[in-house]
S.K.: 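Following this message is one structure expressed as structure tokens.
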2 protein chains.
Amino acid sequence: MVKIKEIEKSTEIKILEAAKQEFLERGFDGARMQKIAERAGINKALLHYYFRSKENLFKAIFQSVFENFFPKVVKTFQSEISFLEKLRFFIDNYIDVLSNNPFLPAFILHEIQLRPEMLINSIKEQGFNPTVFLNLFKKEMDNGVICTMPAEHLVVNILSMCIFPVAAAPIIKGMIFKNDDKEYQKFLEERKNIVYQFVINSIKK
Amino acid sequence: MVKIKEIEKSTEIKILEAAKQEFLERGFDGARMQKIAERAGINKALLHYYFRSKENLFKAIFQSVFENFFPKVVKTFQSEISFLEKLRFFIDNYIDVLSNNPFLPAFILHEIQLRPEMLINSIKEQGFNPTVFLNLFKKEMDNGVICTMPAEHLVVNILSMCIFPVAAAPIIKGMIFKNDDKEYQKFLEERKNIVYQFVINSIKK
DNA sequence: AAATGGTTTAACTAACTGGTCAAAGTTATA
DNA sequence: TATAACTTTGACCAGTTAGTTAAACCATTT
């Protein structure tokens, strides 16, 4: 019983990992069940044994992947460190997450454009609340620490500068760095400071 | 002869318009030749008569669409208006372009991630030169008008804040504006000023 | 060791999709 | 008007793809 469970789990995980790769790289329409099976080193019929359909498998992947796309922010923002430290920590952390999941941004943006209805479930299931985010800045504005501006715009500005450079990686790589991966990676690393400074410069009083 | 040419052109344009819609909304893998034919109100075989294959048709679309993605910037930046006016004009203009082509950003980012080799042709054909862009800012830095920072990062920051909010439209709409299209559109309109101010605040001395 | 129940596979099916083709339609030219 | 050249169409084909099925496999229980 124990052993069966373990094997089952292991196969399921192999499938999920293979499917994640395939879907992230190719998108739902470009992904192939056969390819997922090959990547997982199993028979294609097993995919349907564990997950009824391609759609089902995709939903399972999408949920887990979607969580990574939204910064895990609550704990950080509730901790006792200063506002500036929170901001710095967030940017650092988020650029790292995206840098380690280079396909994530373009994947999410494309799939959600294709099926916006997927958002509804994902948001509920994963309980990301933009308010936590917004309130961090509103508080500092109210306290007169930073300049007043619509918090929604400020948040979108910050997220833009973290996410877009990863979503557009091949373009930036190609047009600015002559397709040199290392140069691009250095660029991303630099952005941790650059984005932080850029934001601070803009909102400091 | 004249009439044939006109009809031919008209059919070709109908195809290109239909294909543009289909490809932008669904991506290459999600697009269907049959659907393109229906959208154009013609027989599917005609698609192959005018453009040999789906691949070919896609390339034709991609080239023309890709041009829109890169700001037409040379004329503006070479004109005699001030630096600040150039910046303001650019942001205004670019957000307008993207706002009128809501599928454009996510489409480009996804397709280029899928086939980065497409970039090579597109860049050549369309001759967008990031240097023009970079130099605008470098000059002002050298002249001591704005703070010194790596111009590449500054450009990426500005582009990020223009492009991402459109690429992520369904997410922003869903999470901040309860799927209210008008609220979101207002938000985008506001960003013309917001982004401009945000950049200026950050780089002014 | 035989029966049980979950797991894995090879072979297959039905639907879809890009692409072809021969015939019909249409327009310009001789 | 007849012919030639281009345009458009319906019917068809071959390859691909998600999904099914029945049989084989394997570990545990009796």
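Because only heavy atoms are used, hydrogens play no part in the values below, and waters and symmetry mates are left out as well, while side chains stay in. Protein chains get the first letters and strands the later ones, always in sequence-line order, with residue 1 at the start of each.
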S.K.: Counting side-chain heavy atoms from CB outward, which of D:dT9, C:dA10, D:dG19 is closest to A:Ala45?
M.R.: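 The closest nucleotide is C:dA10.
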S.K.: Rounding to a whole Å, what distance do you find between B:Tyr50:OH and C:dG19:C1'?
M.R.: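 Taking OH of B:Tyr50 and C1' of C:dG19, I get 18 Å after rounding.
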S.K.: Compute the ring centroids of B:His110 and B:Phe28, then answer whether they are less than 6.0 Å apart.
M.R.: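 For B:His110 and B:Phe28, the ring centres are not under 6.0 Å apart.
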S.K.: Among D:dG19, C:dT7, D:dT8, which is the nearest nucleotide to the side chain of A:Tyr49?
M.R.: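 Selected nucleotide (nearest to the side chain): C:dT7.
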S.K.: For the pair made of CZ in B:Arg52 and C1' in C:dG18, what is the distance, rounded to whole Å?
M.R.: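 Interatomic distance, CZ of B:Arg52 to C1' of C:dG18: 13 Å.
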S.K.: Of all the choices, C:dG18, C:dT9, D:dT7, which nucleotide is nearest to the side chain of A:Asn43 once you look at every atom?
M.R.: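 The answer is C:dT9, which lies nearest to the side chain.
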S.K.: So does B:Glu25 pair up with B:Arg39, basic N to acidic O under 4.0 Å?
M.R.: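 Here B:Glu25 pairs with B:Arg39 in a salt bridge, since their nearest N and O are under 4.0 Å apart.
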S.K.: On DNA chain D, nearest-nucleotide positions of A:Ala31 versus B:Gly41: which is more 5'?
M.R.: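 It is B:Gly41, whose closest nucleotide lies nearer the 5' terminus.
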S.K.: Using only heavy-atom distances, decide whether a donor-acceptor pair under 3.5 angstrom links the side-chain of B:Lys44 to the base of C:dG19.
M.R.: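 Answer is yes: a donor-acceptor pair is held.
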S.K.: Between A:Glu17 and A:Lys14, is there a salt bridge with N-O shorter than 4.0 Å?
M.R.: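 No, no charged N to carboxylate O under 4.0 Å.
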S.K.: What integer distance in Å separates B:Leu46:CG from D:dT8:C1'?
M.R.: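 B:Leu46 atom CG is separated from D:dT8 atom C1' by 5 Å.
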S.K.: Let me know the distance between CD of B:Glu38 and C1' of D:dT9, rounded to the nearest Å.
M.R.: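 Distance check: B:Glu38 CD to D:dT9 C1' gives 15 Å.
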S.K.: Quickly work out the B:Ile42 CD1 to D:dG10 P distance and round it to whole Å.
M.R.: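 These atoms are roughly 12 Å apart.
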S.K.: Nearest-Å distance, CE (A:Met33) to P (C:dT8)?
M.R.: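 In whole Å, C:dT8 P and A:Met33 CE are 16 Å from each other.
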S.K.: Using whole Å, what does the distance between atom P of nucleotide C:dG19 and atom CZ of B:Arg32 come to?
M.R.: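 The distance from CZ of B:Arg32 to P of C:dG19 comes to 12 Å, rounded to the nearest Å.
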S.K.: Please tell me whether B:Phe58 and B:Phe23 form a close aromatic pair, meaning their ring centres lie under 6.0 Å apart.
M.R.: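 Judged by ring-centre distance (under 6.0 Å), B:Phe58 and B:Phe23 do meet the cut-off.
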S.K.: When we call it a touch if two heavy atoms are under 4.0 Å apart, what does B:Leu47 touch: a base, just sugar-phosphate, or nothing?
M.R.: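 B:Leu47: no heavy atom of the nucleic acid under 4.0 Å.
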S.K.: Looking at C:dT7, I'd like to know if its phosphate oxygens (OP1 or OP2) sit under 4.0 Å from a side-chain N or O belonging to A:Thr11.
M.R.: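 A:Thr11 to C:dT7 OP1/OP2: no side-chain N or O under 4.0 Å.
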S.K.: How would you label the contact of B:Ala37 with the nucleic acid (heavy atoms, under 4.0 Å): base, sugar-phosphate, or nothing?
M.R.: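 The residue B:Ala37 makes no contact with any strand.
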S.K.: Does NZ or CZ of B:Arg115 lie under 6.0 Å from the centre of the six-membered ring of B:Phe62, at an angle within 45° of the ring axis?
M.R.: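 Negative - B:Arg115 is either too far from the ring of B:Phe62 or too far off its axis.
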S.K.: When the distance from NZ of A:Lys35 to P of D:dT17 is rounded to whole Å, what number comes out?
M.R.: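 Result: 8 Å.
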